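Nothing here was measured: the structure is a model prediction, and the numbers come from that model.
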Amino acid sequence: MIEESKTIKEKFGVLDSVPVGACLLRDDFVVLFWNTCLEEWTKIPRSKILGTKITTHFPHLSQLKYATRFKQIFAGGPPTIFSSQIHKHLIPATCQDGQQRIQQTTVTAVPALEAGVAEEEIRDWLLQTLELEPDGTFGVGEPTSAFLSGEYRPSVSSSIWPGVNSPSFYALLVIQDVTDLTHRIQAYRTLRDQALEEVKVRQQVEEKLRSSQLFIQQIADAAPYLLYIYDLTQRRNVYVNGQASKLLGYTPQEILQMEMALFSSLVYPEDLERVEAHLQKFPRAQDGHILELEYRLKHRSGEWRWFRCRDQVFARTADGRPKQIFGTAQDITEYKWAEDALRQQNERELLMATITQHIRESLDLGEVLNTTVTEVRQFLQADRVMIVRFNFCTGYLCAAPATGAVTVESVAPNCRPMLGETLENFCFDEFYLEAYQHRAIRPIADVCAADLPQDQIDLLAQFEVKAYLVVPLVQGDELWGLLMAHQCSPRQWMQLEVELLSSLAAQLAIAIKQAELYQQLQAANLKLERLATLDELTQLANRRRFDQYLEMEWCRQAGEQTPLSLILCDIDSFKSYNDTYGHPGGDECLRQVAGAIGNAVDRPADLVARYGGEEFAVILPNTAIQGAVLVAERIQLKIAALQLPHAGCQVSPYVTVSFGVASIVPASESGPEILIAAADQALYQAKRLGRDRIELYQPDPASGKPNGTVTPLLPADFSLPNTNLPSPTSA
């Protein structure tokens, strides 16, 4: 056993240098080899585990599912893999953060050692069997020897099995820590930690590279990234590992043959300047100092791949100047794609939120549409963005919209505006009628190269449109209109732009619907307000509106201490009019009298209202008694000019009206009812004195009661001051 352990240590000691766990088991599960990596992982020193059964330390390995597979290995069977998905912890080991390492384990049948087998032969065989799996783990690939291929069994003439007809086998466990790979979804967050691990691995590789060319070749080809040595003086690569074939599609020999044309052949043109600036940093770099750079390299297929290189000085000239750099280049294309996709998504979401917020800040349809075209044109940097509103045709033979009008647009100063243009038979072909139902977007990169109807091409040519993007605005099953972006030069529309407009169209359709509903609500409210404040027959303000307005003006005039006047007028003998001409005739009479009163009152602040039945009222803010009388006279003249026949009137053969006029400077301690009572008293006096006349009444604001003096309007008397009334002021 001692001799066997010594031989195994000599033969398998090379596995102490690889960054994977390695364990050698005899067919009775006794541990023959336990490498440094496993010591570090499991905290079980080699001295404690060698010569003992591994099931003593890890009892679960005695389970049938493991024992059966190991039995096949001890019988010389093909390699078996314990995948990390099913057997995460074949040899349980704890990371520094306390989590269990997730492992990918390959178990290979290794011939039991015999005398006469050369150490170099065993080591060469072991290293050649270690290859890198596609997922970045170490595993056992296709063996190079015929024996290991499974198609050949050792014979007496075998150089490895001299004199042995039925060789016995060990089980070699090669364990790769794939914790980071298993959590690849978090790789972007842990990229910095991974980079530190890569530095450690590369530093180990550098030490081995300086001591053993064979080690360089075997380990470097197994690394999951490009390893290279670049000569700064010769400006060419002097070494590239085998990963060049997988990552770039070129063999290492092909890359070395490119010599000084390497950069011009493989590096993305826009990155050449940054690569050159990167190389210029090394004359000032200290040993061990790592310089990083991200750039693009061209794959043999023509695809550009992103790489992150980490370089440091590898060799210097006799006078200490950097001569060669050693570096690694990791393919980060998928990270870049994910990063770019995330950035675009964030940009789109931010822009969508901004535009949507601006759109929804207003319920005015015109403002919503103008905000949309302005924001979209700014984002797209387009020459024109406009909204086409469809004009739907009618009739059972019309199944599709016939025309559309440019409702709003945002246009560059050097472009001809299209606002107000009517587009006939434009965007109404079968394609659009089918496409809008599925919310399809039609990006046209070049109008001249697109298969468009000639009338569309001619219309676009008038406005120098070379490329456009059309997004349908759909409300339910109805095609409301189109959102269109124009470019006066050919343009390849980006997917981000198409997706943005697609999302925006849905939000805009909602905003348009909300604005239209708001307009309908406003119209309905206005109609309700009119119904609530207008008299249906005469279309004058009703009694409710009269009371509200008089109260409001009473308070305002009381604060300003200005006069407020009121005229009450009543159609004389109106009951007789109804008896003579019927109620329809009476209604028509009321409408014409209301129109005459409204025509006689022309100030915006004055209010004409139907006070009740055949009685009307006029509120005259900031108007003294003389001004109110003048208004009453104008009304009287307007009604007289109508010459409405009134056979039942005892005063005149035509319709006449009696007036009661009152005026007061309101006091805050009283209410408008004293003004109404005063005007009503004056009207009563006009009726009593024979109708078809104007009577004045001036209430006493101090008493709060209508106990002033009624004064008839006589031409000789009105020009004279009335001792019962304050001096009148002009209106």
Engineer: Using salt bridge (Lys or Arg N to Asp or Glu O under 4.0 Å), reason through Asp572 and Lys687 one step at a time and then give a plain yes or no.
Structural biologist: CA-CA 8 Å; Asp572 296 327; Lys687 290 285 188 180; 2.8 Å; yes
Engineer: Taking Ser663's backbone N and O only, do any of them form a donor-acceptor pair with Ser565's side chain (distance below 3.5 Å, no angle check)?
Structural biologist: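 Checking the backbone N and O of Ser663 against the side chain of Ser565, no donor-acceptor pair under 3.5 Å is found.
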Engineer: So, for Ala467 and Ala445, which heavy atoms are closest and what is the spacing to 0.1 Å?
Structural biologist: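 Where Ala467 meets Ala445 most closely, the heavy atoms are CB-O, 3.3 Å.
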Engineer: Tell me, yes or no, whether the heavy-atom count around Gln492 atom CD, taken from other residues, nucleotides or ligands under 6.0 Å, exceeds 12.
Structural biologist: no
Engineer: Going through the distances and angles, do Lys466 and Glu464 end up as a salt bridge (Lys or Arg N to Asp or Glu O under 4.0 Å)?
Structural biologist: CA-CA 6 Å; Lys466 303 295 184 184; Glu464 300 180 352; over 6 Å; no
Engineer: Do Arg491 and Glu497 meet the salt-bridge criterion of a basic N to acidic O distance under 4.0 Å?
Structural biologist: yes
Engineer: Can a donor-acceptor pair be found, under 3.5 Å and without considering hydrogens, that links the side chain of Arg610 to the backbone of Gly613?
Structural biologist: yes
Engineer: Test your reading of the model: is there a side-chain donor-acceptor pair from Glu615 to the backbone of Asp570, 3.5 Å cut-off?
Structural biologist: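 The answer is no, because no donor-acceptor pair under 3.5 Å joins these two groups.
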Engineer: Determine, stepwise, if the pair Arg556 / Glu560 fulfils salt bridge (Lys or Arg N to Asp or Glu O under 4.0 Å).
Structural biologist: CA-CA 6 Å; Arg556 189 170 70 85; Glu560 298 177 359; 3.4 Å; yes
Engineer: Any donor-acceptor pair under 3.5 Å linking the side-chain atoms of Gln561 with those of Gln557?
Structural biologist: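 On atom types as modelled, these side chains do not qualify, holding no pair under 3.5 Å.
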Engineer: Taking the side chain as C-beta and beyond, is there a heavy-atom pair between Ile387 and Leu473 under 4.5 Å?
Structural biologist: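 They are in contact (side-chain heavy atoms under 4.5 Å apart), so the answer is yes.
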Engineer: Could you go step by step and tell me if Ser652 and Arg691 meet the side-chain hydrogen bond (donor to acceptor under 3.5 Å, both in side chains) rule?
Structural biologist: CA-CA 10 Å; Ser652 168; Arg691 299 183 176 87; over 6 Å; no
Engineer: Are Thr538 and Asp535 linked by a side-chain donor-acceptor pair shorter than 3.5 Å?
Structural biologist: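 Yes.
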Engineer: Could you tell me which non-hydrogen atom of Phe659 sits nearest to which non-hydrogen atom of Ala686, and how far apart they are?
Structural biologist: O-CB, 3.5 Å
Engineer: Strictly under 6.0 Å, is that where the ring centroids of Tyr577 and His646 end up?
Structural biologist: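 Yes; His646 has its ring centre under 6.0 Å from that of Tyr577.
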Engineer: If the condition is side chain to side chain donor-acceptor pair (under 3.5 Å), which residues does Arg377 pass it with, not counting sequence neighbours?
Structural biologist: Ser410
Engineer: I'd like to know if the side chain of Trp493 and the backbone of Tyr468 have a donor-acceptor N/O pair within less than 3.5 Å.
Structural biologist: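 Checking the backbone N and O of Tyr468 against the side chain of Trp493, a donor-acceptor pair under 3.5 Å is found.
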Engineer: Ignoring hydrogens and geometry, is there a side-chain-to-backbone donor-acceptor pair from Arg343 to Ala338 under 3.5 Å?
Structural biologist: no
Engineer: Would you tell me whether Thr656 and Arg693 have side-chain atoms, one donor and one acceptor, within less than 3.5 Å of each other?
Structural biologist: no
Engineer: Indicate yes or no for a side-chain donor-acceptor contact from Gln539 to the backbone of Glu536 under 3.5 Å, with no hydrogens or angles considered.
Structural biologist: yes
Engineer: Can you tell me how far CZ of Arg603 sits from CG of Leu620, rounded to the nearest 0.5 angstrom?
Structural biologist: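 Those atoms lie 6.0 Å apart.
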Engineer: I need the minimum non-hydrogen distance between Arg591 and Leu537, along with the two atoms involved.
Structural biologist: NH1-CD1, 2.8 Å
Engineer: Please check: side-chain N/O of Asn599 versus main-chain N/O of Gly595, any donor-acceptor pairing under 3.5 Å?
Structural biologist: yes
